[in-house]
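What follows is a single structure, written as structure tokens, with notes after it.
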Amino acid sequence: MEILDLPVQSRDKLGSAHSRRFRRAGRIPCVLYGRGQDTVSLDTSADGFANVQSQHAAVVRLELDGKAQTALIRAVQWDPFGDFVQHIDFVRVEMEDEVKLSIPVHFTGTPAGAVAGGVTQAVRTDVEVFARVDSIPSEILLDIEALEIGDTIYVEDVEYPDNVRPASLPRDLIVHVVEPKKIEEETEEELEEGEGAAPEGDPDAKSDSDSDS
Amino acid sequence: MSLMPKRLKWRKPHRGRIKGNATRGNTVAYGDYGLQSLEAGWITAAQIEAARVTATRALAGTGRLYIRIFPHKPVTATPEETRMGTGKGDISYYAAVIRPGTVLFEIGGAEELVAKKALNRMSHKLPLGTKMLRRREAR
């Protein structure tokens with residue numbers, strides 16, 4: 001995975017009010033910590049970070065006051081509508097460090113079981129791995145073309161690149177092909193049966209009929 | 001059958017106010033696509049059920065539907081032609097209280113076009129403005 005450069009500035013204005021002002025000006029408040037060194041508050045441009053995200057980068061080279069620092073993107077906070085990045089956590093790393101992170105899993109091919117009428121269920125869309133910083137894969141590609149109905153792929157079945165090992169349990173399910181579920185349309189009678197059942201209320205409370213009289 | 005609570009601590013709670021955006025339940029967690037509310041309001045159990053039925057039909061056996069909301073709130077109504085002063089009405093229906101940003105439904109394991117069609121049809125059954133969301137990848 002290519003390591004992208006991300007220019008950052010140190011930030012001395014802290015707190016939610018200042019952070020809001022940064023966001024309004026097209027900047028994203030960030031923080032850098034790790035390796036026993038002091039925590040530093042930073043900010044970066046929203047456009048620059050959007051470029052990093054579009055390339056699915058896990059590690060960036062932060063350019064701070066003329067010095068370069070390799071950092072892992074540990075956490076990204078989004079606004080409630082998922083449109084804008086609110087805050088980023090960076091962790092200092094060196095190229096030979098081993099880090100724990102989630103890698104997205106992508107599937108190739110249509111399973112033979114799906115062609116025969118089965119349903120492909122991707123239970124996990126990412127896998128937690130321990131990886132060396134210089135060997136972090138951008139994705140894990142799984143060829144699922146040979147899967148028949150009832151076949152499964154577990155975390156232990158995946159071939160990982162060099163310097164990458166799984167952090168999830170070996171028998172964690174990633175994808176399987178199952179029999180299709182039959183659609184059961186509810187009849188009118190079944191719907192009416194459900195209407196009558198009232199939930200159990202407060203036992204001490206007076207009934208509605210009492211209060212209406 | 002419409003969703004309803006199994007038991008209630010209080011029979012007739014106050015209506016309350018809906019303040020702020022959703023700080024939880026605002027990301028696609030289980031499926032690949034989600035329907036996110038853009039407004040605050042109540043979604044009744046009947047509306048949730050109507051959306052579920054239309055999604056089941058639109059998905060036609062493919063994929064899986066996840067309902068992320070539940071109608072916890074009992075809502076009372078006074079019967080028609082009732083004179084003033086007869087007290088608070090009976091429980092009429094149950095509603096889910098929705099803040100802007102709440103992910104209402106999710107669909108997993110379906111083709112994008114099928115999922116979009118299902119979510120679009122579901123949005124027509126709801127009283128709030130919605131938008132479609134895609135699951136955010138690990139990176």
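Throughout, a chain's letter reflects where its sequence line sits, starting with A, and its residues are numbered from 1. Quick caveat, the model's predicted, so the values are computed rather than measured.
The contact list for residues 76-95 of chain A toward chain B, using heavy atoms and a distance under 4.5 Å, reads Trp78(A), Pro80(A), Phe81(A), Gly82(A), Asp83(A) by residue number.
Residue contact with chain A, scored on non-hydrogen atoms closer than 4.5 Å, involves the side chain of Arg135(B) exclusively. Contact annotation for Pro100(B): both backbone and side-chain heavy atoms come within less than 4.5 Å of a heavy atom of chain A. Residue Leu38(B) touches chain A through both its backbone and its side chain, counting heavy-atom pairs closer than 4.5 Å. When heavy atoms are compared at a cutoff of 4.5 Å, Ser37(B) approaches chain A solely by way of its backbone atoms N, CA, C and O.
Remark: Leu64(A) CG to Gln69(A) CD distance equals 9.0 Å, nearest 0.5 Å. Of the inter-residue distances, the one linking Phe49(A) atom CZ with Ser54(A) atom OG reads 10.5 Å to the nearest 0.5 angstrom. Atoms CD1 and CZ, from Ile67(B) and Arg52(B) in turn, are 6.5 Å apart once rounded to the nearest 0.5 Å. Here the NZ atom belonging to Lys73(B) is positioned 11.0 Å from the CG atom belonging to Leu8(B), to the nearest 0.5 angstrom. Once rounded to the nearest 0.5 Å, the distance linking CD of Glu106(B) with CG of Asp32(B) reads 9.0 Å.
Considering only residues two or more places apart in sequence or on other chains, Glu156(A) meets the salt bridge (Lys or Arg N to Asp or Glu O under 4.0 Å) condition with Arg171(A).
Residue pairs meeting the salt bridge (Lys or Arg N to Asp or Glu O under 4.0 Å) criterion with at least one member in residues 41-56 of chain A, sequence neighbours excluded: Arg27(A)-Asp43(A). Every pair passing ring-ring contact (aromatic ring centres under 6.0 Å, His included) that includes a residue from residues 42-76 of chain B is listed here, sequence neighbours excluded: Tyr30(B)-Tyr66(B), Phe70(B)-His72(B).
Interface summary for chain B: among Val123(A), Thr125(A), Asp126(A), the most heavy-atom pairs under 4.5 angstrom belong to Thr125(A). Per-residue heavy-atom pair counts under 4.5 Å with chain A were compared for Gly101(B), Gly25(B), Gly108(B), and the maximum is reached by Gly101(B).
Heavy-atom neighbours of Arg15(B) CZ from other residues, nucleotides or ligands within 6.0 Å: at or below the threshold of 12.
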